[in-house]
Amino acid sequence: QVQLVESGGGLVQAGGSLRLSCAASGNIRSIGAMGWYRQTPGKQRELVAAITSGGLTNYADSVKGRFTISRDNAKNTVFLQMNSLKPEDTAVYYCNAEGVVTTRRRYSEVWGQGTLVTVSS
């Protein structure tokens with residue numbers, strides 16, 4: 001019923017920028033929190049950035065000062081502006097939503113399919 005669709009991934013040179021978008025759909029009334037996670041081969045999925053319904057943000061130390069998370073509640077969309085990209089940022093980025101309330105039920109968490117970000121040196 002609820003789906004998250006990411007877009008904006010691609011190939012970029014070190015020092016460049018990318019903007020990821022994630023749109024949630026499915027008769028949504030509200031979403032408690034939204035965030036971005038990333039995963040590379042052989043490593044666990046890690047939190048990159050998150051934003052609550054009240055606008056409070058949280059970032060991984062490795063991306064502080066370079067990435068900015070934001071959301072548009074009217075469009076049920078979350079964004080991740082990534083600047084000064086490094087090769088270490090290369091990963092599959094996944095969108096996450098928590099506390100998703102629809103006209104029929106509540107979902108504790110929903111995940112997107114992921115979008116690949118590759119940063120070349």
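In this text the structure is predicted, and so the values were computed from the model without any measurement.
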So, the side chain of Y59 versus the backbone of I69: is there a donor-acceptor pair under 3.5 Å, distance only? yes
K86/D89 ion pair, N-O < 4.0 Å: no
Tell me, do Y94 and V48 make a side-chain contact under 4.5 Å, heavy atoms counted? no
Atom CG of L4 and atom CD of E109: how far apart are they, to the nearest 0.5 Å? 10.5 Å
Closest non-hydrogen atom pair between V92 and G114, with its separation: CG1-CA, 4.0 Å
Would you check if the side chain of T90 reaches a backbone N or O of E88 as a donor-acceptor pair within less than 3.5 Å? no
Heavy-atom count around Q39 CD within 6.0 Å, excluding the residue itself: above 12? yes
With rounding to the nearest 0.5 Å, note down the distance linking OH in Y93 to CE in M82. 5.5 Å
Pair N27, T102: side-chain N/O donor-acceptor within cut-off below 3.5 Å: no
Under a 4.5 Å cut-off applied to non-hydrogen side-chain atoms, are R104 and Q1 in contact? no
Tell me, with the steps shown, if V100 and I28 meet side-chain contact (heavy atoms from CB on, under 4.5 Å). CA-CA 7 Å; V100 182; I28 297 171; 4.2 Å; yes
For the hydrophobic clusters of this structure (ILVMFWY residues joined by side-chain heavy atoms under 4.5 Å, transitively), does one cluster hold both V63 and L20? yes
Under the side-chain contact (heavy atoms from CB on, under 4.5 Å) rule, what do L116 and T118 come out as? Steps first, then yes or no, please. CA-CA 6 Å; L116 177 63; T118 303; 3.7 Å; yes
Got W111 and Y37 here, is their nearest side-chain heavy-atom distance under 4.5 Å? yes
Within-4.5 Å side-chain heavy-atom neighbours: S108 and R106: yes
L11 vs V117 side-chain heavy atoms within contact, under 4.5 Å: no
Within a radius of less than 6.0 Å around CD of Q113, do more than 12 heavy atoms belonging to other residues, nucleotides or ligands occur? no
Between S17 and V12, is any pair of side-chain heavy atoms under 4.5 Å apart? no
Looking only at heavy atoms, which two atoms of L47 and A50 are closest? And how far apart? CD1-CB, 4.1 Å
Supply the atom-to-atom distance R38 CZ to L80 CG, rounded to the nearest 0.5 angstrom. 9.5 Å
V101 side chain near I31 side chain, heavy-atom distance below 4.5 Å: no
Taking the six-membered ring of F79 as reference, does the NZ or CZ atom of R19 fall below 6.0 Å from its centre and within a 45° cone about the axis? yes
Examine distances only and state if a side-chain atom of E6 and a backbone atom of C95 form a donor-acceptor pair shorter than 3.5 Å. yes
State the OG-NZ distance between S25 and K75, to the nearest 0.5 angstrom. 15.0 Å
What's the spacing between R71 CZ and T52 OG1 if we round to 0.5 Å? 7.0 Å
Nearest 0.5 angstrom please: M34 CE to C22 SG, how far? 4.5 Å
Any side-chain heavy atom of N96 sitting closer than 4.5 Å to one from V110? no
